[in-house]
Amino acid sequence: MTGPMGFEWRRALSRFDPGWWGGLGDRRTVLVVVDSPELGQPVLDTARLAGADPRLRVLFAAPPGPSESAVGALLRDAGTVPVPWREARSGDFALVVTASSVPGHGPSAPMIVLSGTGTKRASHPAGKRGREGTVVLACAHAMDRPMPTEARTVTEVVVVGDSVHDRIVASLPFRDFYRRALGVGRHRKLVVVALPAAGASSRYQVARGGSGTLVQRLLTELPPEDFQVLGLYGPGPHPCTGGPSAADLRKGLGLLPPDADWRAALVAADWIIGPPGPVTRYGTIIGVPVMIIGGPPRAGAPPSAAPIPGGVRLVAHRPVLEQLTEAAARWRPELVRAVVRRITSEPGRFDRAVRRTMYRLLHLPQPATIPVAEPVSPPFRIECPADRPIDA
């Protein structure tokens, strides 16, 4: 069976097949630990692979920490019910999938650590000295393999690819569908702007004459009949303040809610604007101009915040429309090809590689299917019509 999303093909079951259904002794429980919103999507993409197998029961948990409430909201938005951490810590699991270290005395089952995938690279592999059970570190790129001195808590290192990269690529054929979902007319262009996280609003003071934010400049200088401006929060903590104002929404700014899939907005974009980070980094896959704002990343910033070679810098002393037009005329995807290649050394292979590792640790035969990356969910946005009041 072939379709636009899901599995590439599925073998028909004409009789009992222990390789697919398994026996009573083949039941396993997989615990998926999400400890930060930044790394939630790759872990949830991995959970989808386990959830498709009736032999596996998938449970979700959010360990205690500063991001516990945000992760809980992320899991609920994904249609899951997280179990309390005190129950997850003492549960009997066949496999644990996480993107970072498990605090305290976590489950002793074999663990897959996805710290080398997604939007945030971990500088040191997760794990705990003296921990019982196998710890497999999954990396997105061969260059992300840890040094021998860093991998002392890791039993094995595998290169599996990047789920965010693969799902964006799988979504590219549905660009028109995403644009219709965002309300972009056939004759309008979509400008996607990465909104600031907490403490980063100063980076967005890209103004002419020293006043006004980037969003305000876009809404003021771009004709609304030709352009639509969409703000999105990339992966990471989202502030309660410092984002777009009610006045910006009244002027026509579209806003992608924090719980929506930001990857769909990138696929629909005609321009992608933001500081060096996950949005602009993964935006290089789309093939549209990527325009960089703000100064160089601060010391200690993750590798995803590294400068984008080939990206066009948006400056304050020139009109925005002029810069957008110039960037579109001169843009070539080859300018950022090095950035795309650095995201993963195993493009399109994340699902297969992760599932192979999962079932090897579970000591189960894989299902008779070939998993492929699914297109991301269609986006939705928040709007404020001019005739509707909104509380500031």
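Computed from a predicted structure; not experimentally measured.
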query = What do the steps show when you test V193 against L218 for side-chain contact (heavy atoms from CB on, under 4.5 Å), and what is the final call?
reply = CA-CA 10 Å; V193 185; L218 292 172; 3.3 Å; yes
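- Proximity of a side-chain donor or acceptor of T134 to a complementary backbone N or O of P110 within less than 3.5 Å is not detected.
- Across all non-hydrogen atoms, the minimal contact from L172 to V267 is CA-CG1, 3.9 Å.
- Contact check for L222 versus V320: side-chain heavy atoms found under the 4.5 Å cut-off.
- The shortest side-chain heavy-atom distance between I273 and L324 falls under the 4.5 Å cut-off.
- With sequence neighbours left out, D270 forms a salt bridge (Lys or Arg N to Asp or Glu O under 4.0 Å) with R175, R179.
- Nearest heavy atom pair, residue A138 against residue V160, reads CB-CG2, 3.7 Å.
- With hydrogens and angles ignored, the 3.5 Å screen pairs a side-chain donor or acceptor of H141 with a backbone N or O of R341.
- Taken to the nearest 0.5 Å, the CG atom of D351 stands 10.5 Å off from the CE atom of M358.
- Taken together through direct or relayed side-chain contacts under 4.5 Å among Ile, Leu, Val, Met, Phe, Trp and Tyr, V169 and V159 form parts of separate hydrophobic clusters.
- Distance check, rounded to the nearest 0.5 Å: CG of L59 to CD of E87 gives 9.5 Å.
- Between the side chain of Q216 and the backbone N or O of T213 there is at least one donor-acceptor pair closer than 3.5 Å.
- Considering only heavy atoms from C-beta on, L364 comes within 4.5 Å of L56 through its side chain.
- For the pair R263/R167, a side-chain contact is recorded, criterion being any heavy-atom separation below 4.5 Å from C-beta on.
- You'll find the side chain of E156 stays beyond 4.5 Å of the side chain of L137, heavy atoms only.
- Annotation for L266 and G283: closest pair CD1-N, 4.0 Å, computed over non-hydrogen atoms.
- For the pair G274 and A194, the tightest heavy-atom approach, listed with the atom from each and the gap, is CA-CB, 4.2 Å.
- Between the CG atom in D176 and the CZ atom in R186 there is a gap of 9.0 Å [rounded to 0.5 Å].
- L230 CG to L253 CG: the interatomic distance, rounded to the nearest 0.5 Å, is 7.5 Å.
- Here the shortest heavy-atom pairing between P375 and A170 reads CG-O, 3.7 Å.
- The two residues P289 and A327 have their closest heavy-atom pair at CG-O, 3.9 Å.
- A donor-acceptor pair is defined here as one N or O able to donate and one able to accept, closer than 3.5 Å; no such pair exists between the side chain of T80 and the backbone of P82.
- Of the possible donor and acceptor atoms, one in the side chain of T155 sits under 3.5 Å from a partner among the backbone N and O of V135.
- Looking only at atom types and distance, the side chain of R355 has a donor-acceptor partner in the side chain of Q366 under 3.5 Å away.
- A donor-acceptor contact shorter than 3.5 Å is absent between the side chain of W271 and the backbone of V290.
- The distance from the CD1 atom of I293 to the CZ atom of R313 is 9.0 Å, given to the nearest 0.5 Å.
- Residues passing the side-chain contact (heavy atoms from CB on, under 4.5 Å) test with T325 are L321, sequence neighbours excluded.
- Rounding to the nearest 0.5 Å gives a distance of 6.5 Å between CG of L255 and CG of L195.
- Within the 4.5 Å cutoff, the side chain of V192 has no heavy atoms near those of the W262 side chain.
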Check against side-chain contact (heavy atoms from CB on, under 4.5 Å), I343 and I285 = CA-CA 10 Å; I343 293 175; I285 303 172; 4.0 Å; yes
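- D261 and Y178 share no side-chain donor-acceptor pair at under 3.5 Å.
- Taking 4.5 Å as the limit, every side-chain heavy atom of L31 sits out of range of all side-chain heavy atoms of V97.
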inquiry  = Assess the residue pair W331 and V336 against the criterion (side-chain contact (heavy atoms from CB on, under 4.5 Å)); give the C-alpha distance rounded to whole Å, side-chain angles, the decisive distance to 0.1 Å, and a yes or no.
reply    = CA-CA 10 Å; W331 185 259; V336 292; 3.6 Å; yes
message = Show, in sequence, the C-alpha distance, side-chain angles and deciding distance for V30 and V96, and conclude whether the side-chain contact (heavy atoms from CB on, under 4.5 Å) test is met.
response = CA-CA 6 Å; V30 178; V96 177; over 6 Å; no
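- Remark: R28 does not engage D53 in a salt bridge, criterion side-chain N to carboxylate O under 4.0 Å.
- Side-chain polar atoms of S163 and D45 form a donor-acceptor pair below 3.5 angstrom.
- The closest donor-acceptor contact from the side chain of T29 to the backbone of R57 lies at 3.5 Å or more, if one exists at all.
- Q228 and R188 form a side-chain donor-acceptor contact under 3.5 Å, judged by distance and modelled atom types alone.
- With hydrophobic clusters built from ILVMFWY side chains whose heavy atoms lie under 4.5 angstrom apart, W85 shares a cluster with V113.
- A distance-only check finds a donor-acceptor pair linking the side chain of D166 to the backbone of F350 [under 3.5 Å].
- Listed for the T284 side chain is a donor-acceptor partner under 3.5 Å among the backbone atoms of R281.
- At least one donor-acceptor pair closer than 3.5 Å links the side chain of Q323 to the backbone N or O of V315.
- L214 has its side chain within reach of L314: a pair of non-hydrogen atoms, C-beta onward, lies under 4.5 Å apart.
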